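As structure tokens, the structure follows; a few thoughts come after it.
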Amino acid sequence: MTFTVTHARLDGGPARLRLVGELDLGTAPELTAAIDRLVAEGHHEVLLDLTDLTFCDSTGIAAFVRGDNLAAAAGGWLRITGAAGRVARVLRMTGLDDVLRYEADRADPATPAAS
């Protein structure tokens, strides 16, 4: 299966990367490069749309964490949305579904939800 990353800027919101296919050792560098490019261009709020991501291994998880660290160092954040199936399971198992969860109605996605 192939992997693609497409970029779209949300109106007045974060930069959005749509991931399609399988994120693994062979394809994670493409995601890392896309995140690096966005942050270097001044986009410090990055939303990863995982709706069409069908597989994610530990290399993909590491790319998510690295991207979040890079964005945070620049004063921003990286968040994920749309995960389903096996991808959602991996995110739950690692705890990243809570750490990187995107909630559009929350003013600052970098802060934990109120209890």
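Reckoned from all heavy atoms, side chains included, excluding hydrogens, waters and symmetry mates. The model shown is predicted, which means the values in this text are computed figures rather than measured ones.
Legend: salt bridge (charged side-chain N to carboxylate O under 4.0 Å, His left out) pairs involving residues 51-60, not counting sequence neighbours, sorted by first then second residue: R18-D52. Sequence neighbours left out, the pairs with a member in residues 80-98 that pass salt bridge (charged side-chain N to carboxylate O under 4.0 Å, His left out) are D98-R101. For the salt bridge (charged side-chain N to carboxylate O under 4.0 Å, His left out) condition, the pairs that include at least one residue of residues 23-41, sequence neighbours left out, are D36-R66.
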- Message: Working note: L23 + L50, criterion side chain to side chain contact (heavy atoms under 4.5 Å, CB included); need CA distance, chi angles, decisive distance, verdict.
- Response: CA-CA 10 Å; L23 181 58; L50 310 182; over 6 Å; no

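Remark: D68 engages R79 in a side-chain hydrogen bond (donor to acceptor under 3.5 Å, both in side chains) (not counting sequence neighbours). Not a single side-chain hydrogen bond (donor to acceptor under 3.5 Å, both in side chains) links S58 to another residue, sequence neighbours left out. A74 meets the side chain to side chain contact (heavy atoms under 4.5 Å, CB included) test with V39, H44; sequence neighbours excluded.
Expressed to the nearest 0.5 Å, how far CZ of F64 lies from CG of L96 amounts to 8.0 Å. Atom CG of L17 is separated from atom CD1 of I80 by 13.0 Å, given to the nearest 0.5 angstrom.
The two residues A83 and L91 have their closest heavy-atom pair at CB-CD1, 3.6 Å. Pairing each heavy atom of I35 with each of G67, the nearest pair is CG2-CA, 3.8 Å. Between C56 and V87, the closest heavy-atom pair is N-CG2, 4.1 Å.
Two residues are said to be in side-chain contact when any heavy atoms from C-beta on lie closer than 4.5 Å; L31 and L48 meet this criterion. For the pair F3/E22, no side-chain contact is recorded, criterion being any heavy-atom separation below 4.5 Å from C-beta on. Taking 4.5 Å as the limit, every side-chain heavy atom of V90 sits out of range of all side-chain heavy atoms of F55.
In this structure, V99 is a member of the same hydrophobic cluster as L70, with clusters built from ILVMFWY side-chain heavy atoms closer than 4.5 Å.
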